[in-house]
Amino acid sequence: MESDEGLLNVIDVEATCWDGEPPPGAVSEIIEIGLTVVDLDRGERIARHRILVRPTRSQVSDFCTELTGLTQAEVDQGIDFADACKLLAAEHHAGPRTWASWGDYDRHQFNRQCRATGTTYPFGSRHINVKTLFTQAHGLAKRPGMVEALQIAGLPLEGRHHCGEHDSWNIAALALALTRLGAWPGLPGR
């Protein structure tokens with residue numbers, strides 16, 4: 001088994017959403033998990049993964065398709081949420097490996113959905129909010145969105161915004177930019 005030392009999982013999820021209130025009985029559910037593995041010691045993104053998740057308590061709206069590019073037919077081919085969590089734990093070392101996301105939405109969405117479905121939470125307790133860290137490192141008064149942060153850092157937006165796979169890749173680039181600034185937790189001198 002590979003060592004998790006120095007490796008970071010960057011997670012970005014997309015969930016069912018609506019332009020306004022959800023339909024009666026529908027709840028926001030994860031439909032895509034983007035995961036980029038970062039080797040902090042080598043300073044590079046080393047793997048990128050996409051897990052499609054089949055919703056059970058909602059449907060992909062036209063608004064959601066416009067935003068994420070995902071269709072109901074596409075996510076119908078995904079795996080169920082419990083299996084996605086098992087995959088994160090078994091194949092992507094989600095428990096022992098530190099993980100990061102842009103803000104706390106992803107962490108809270110996993111917590112909510114795990115509680116609602118009786119699914120074991122796949123992650124350990126070591127989570128880094130890259131948005132907060134970026135805001136502090138750059139002395140910003142207001143927390144920027146991911147696209148604005150990329151502009152501030154002088155990095156390109158790679159791929160489609162609101163695609164979990166692409167957003168995790170871009171957030172990983174921001175994490176690496178923070179390591180180069182010496183602003184990442186656990187680096188020498190921090």
Side-chain angles (χ1 to χ4, degrees), residues 4-17 28-53 64 67-70 84-85 87-89 91-113 121-140 142-187 190:
D4 288 312
E5 193 65 34
L7 296 181
L8 171 74
N9 283 341
V10 177
I11 302 286
D12 185 79
V13 301
E14 301 303 328
T16 52
C17 55
S28 184
E29 297 177 87
I30 293 171
I31 53 177
E32 180 190 15
I33 303 166
L35 185 151
T36 297
V37 181
V38 176
D39 186 324
L40 293 168
D41 297 331
R42 293 191 345 219
E44 62 186 10
R45 299 172 285 186
I46 59 172
R48 177 161 75 178
H49 305 278
R50 179 182 198 212
I51 303 167
L52 290 180
V53 182
C64 189
L67 184 67
T68 67
L70 293 167
C85 288
L87 182 67
L88 287 169
E91 307 247 336
H92 301 291
H93 311 268
R97 194 176 288 169
T98 299
W99 71 290
S101 61
W102 189 257
D104 280 327
Y105 170 80
D106 306 83
R107 186 170 57 84
H108 291 315
Q109 182 64 34
F110 266 103
N111 274 317
R112 275 190 300 269
Q113 199 162 335
Y121 185 72
F123 301 104
S125 60
R126 296 178 302 164
H127 173 262
I128 296 172
N129 181 329
V130 182
K131 181 189 270 191
T132 299
L133 199 58
F134 186 90
T135 302
Q136 293 167 347
H138 288 274
L140 302 173
K142 185 178 145 205
R143 293 182 191 179
M146 185 200 74
V147 173
E148 184 183 353
L150 289 166
Q151 293 168 347
I152 291 167
L155 297 169
L157 172 64
E158 297 181 61
R160 177 193 176 112
H161 187 32
H162 297 299
C163 166
E165 178 186 7
H166 297 164
D167 284 352
S168 72
W169 187 255
N170 286 302
I171 296 162
L174 289 165
L176 288 171
L178 288 168
T179 66
R180 289 189 292 276
L181 288 175
W184 194 260
L187 290 176
R190 291 262 318 155

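On a predicted model such as this, the values are computed, not experimentally measured, just so you know.
- Minimum interatomic distance between Ile33 and Ala84 (heavy atoms only, all atoms of both residues): CD1-CB, 4.0 Å.
- Inter-residue side-chain proximity for Leu35 and Trp99 is flagged as unmet; no heavy-atom pair is nearer than 4.5 Å.
- Once rounded to the nearest 0.5 Å, the distance linking CZ of Phe134 with CD of Glu148 reads 8.5 Å.
- Residues Ala149 and Trp102 come closest through the heavy atom pair CB-CH2, 3.5 Å.
- In this structure, the side-chain contact (heavy atoms from CB on, under 4.5 Å) partners of Asn111, at least two apart in sequence or on a different chain, are Arg107, Arg115, Tyr121.
- Considering only residues two or more places apart in sequence or on other chains, His49 meets the ring pair (Phe, Tyr, Trp, His ring centres under 6.0 Å) condition with His92.
- Among pairs with a residue in residues 167-178, none fulfils salt bridge (charged side-chain N to carboxylate O under 4.0 Å, His left out), at least two apart in sequence or across chains.
- Aromatic ring orientation, Phe123 versus Phe110: perpendicular (interplanar angle above 60°, classes split at 30° and 60°).
- With values rounded to the nearest 0.5 angstrom, Met146 atom CE is found 10.0 Å from Gln151 atom CD.
- Remark: Ser101 engages His127 in a side-chain hydrogen bond (donor to acceptor under 3.5 Å, both in side chains) (not counting sequence neighbours).
- Legend: residues meeting side-chain contact (heavy atoms from CB on, under 4.5 Å) with Thr98, ordered by chain and number and at least two apart, are Leu8, Arg126, Ile128.
- When all heavy atoms of Lys131 and Thr135 are compared, the pair lying nearest together is O-OG1, 2.8 Å.
- Residue-environment remark: CZ (Arg48) exceeds the threshold of 12 foreign heavy atoms within 6.0 Å.
- Taking all atoms of both residues into account, the shortest heavy-atom contact from Ala47 to Trp169 is O-CZ3, 4.3 Å.
- Residues satisfying the side-chain contact (heavy atoms from CB on, under 4.5 Å) test with Arg50, not counting sequence neighbours, are Glu32, Leu52, Leu70, Glu74, Glu165.
- A heavy-atom distance below 4.5 Å is not found between the side chains of Asn129 and Tyr105.
- In this structure, Pro122 and Cys85 approach most closely via the heavy-atom pair CB-O, 3.5 Å.
- Partners of Glu44 by salt bridge (Lys or Arg N to Asp or Glu O under 4.0 Å), not counting sequence neighbours, listed by chain and number: Arg42.
- Not one N or O on the side chain of Asn9 forms a donor-acceptor pair closer than 3.5 Å with the backbone of Val37.
- Asp106 pairs by the side-chain hydrogen bond (donor to acceptor under 3.5 Å, both in side chains) definition with nothing, not counting sequence neighbours.
- Considering only residues two or more places apart in sequence or on other chains, Thr16 meets the side-chain contact (heavy atoms from CB on, under 4.5 Å) condition with Trp18, Ser28, Glu29, Ile31, Pro55, Ser58, Val60.
- Residues forming a salt bridge (Lys or Arg N to Asp or Glu O under 4.0 Å) with Glu14 (at least two apart in sequence, or on another chain): none.
- With sequence neighbours excluded, the residues that form a side-chain hydrogen bond (donor to acceptor under 3.5 Å, both in side chains) with Arg112 are Gln109.
- Within the 4.5 Å cutoff, no side-chain heavy atoms of Thr179 are placed close to those of Val38.
- With sequence neighbours excluded, the residues satisfying salt bridge (Lys or Arg N to Asp or Glu O under 4.0 Å) with Glu158 are Arg45.
- In plain terms, the two heavy atoms of Ala172 and Thr36 that are nearest each other are CB-CG2, 3.6 Å.
- With a 4.5 Å cut-off on side-chain heavy atoms, Val10 and Leu174 do not count as touching.
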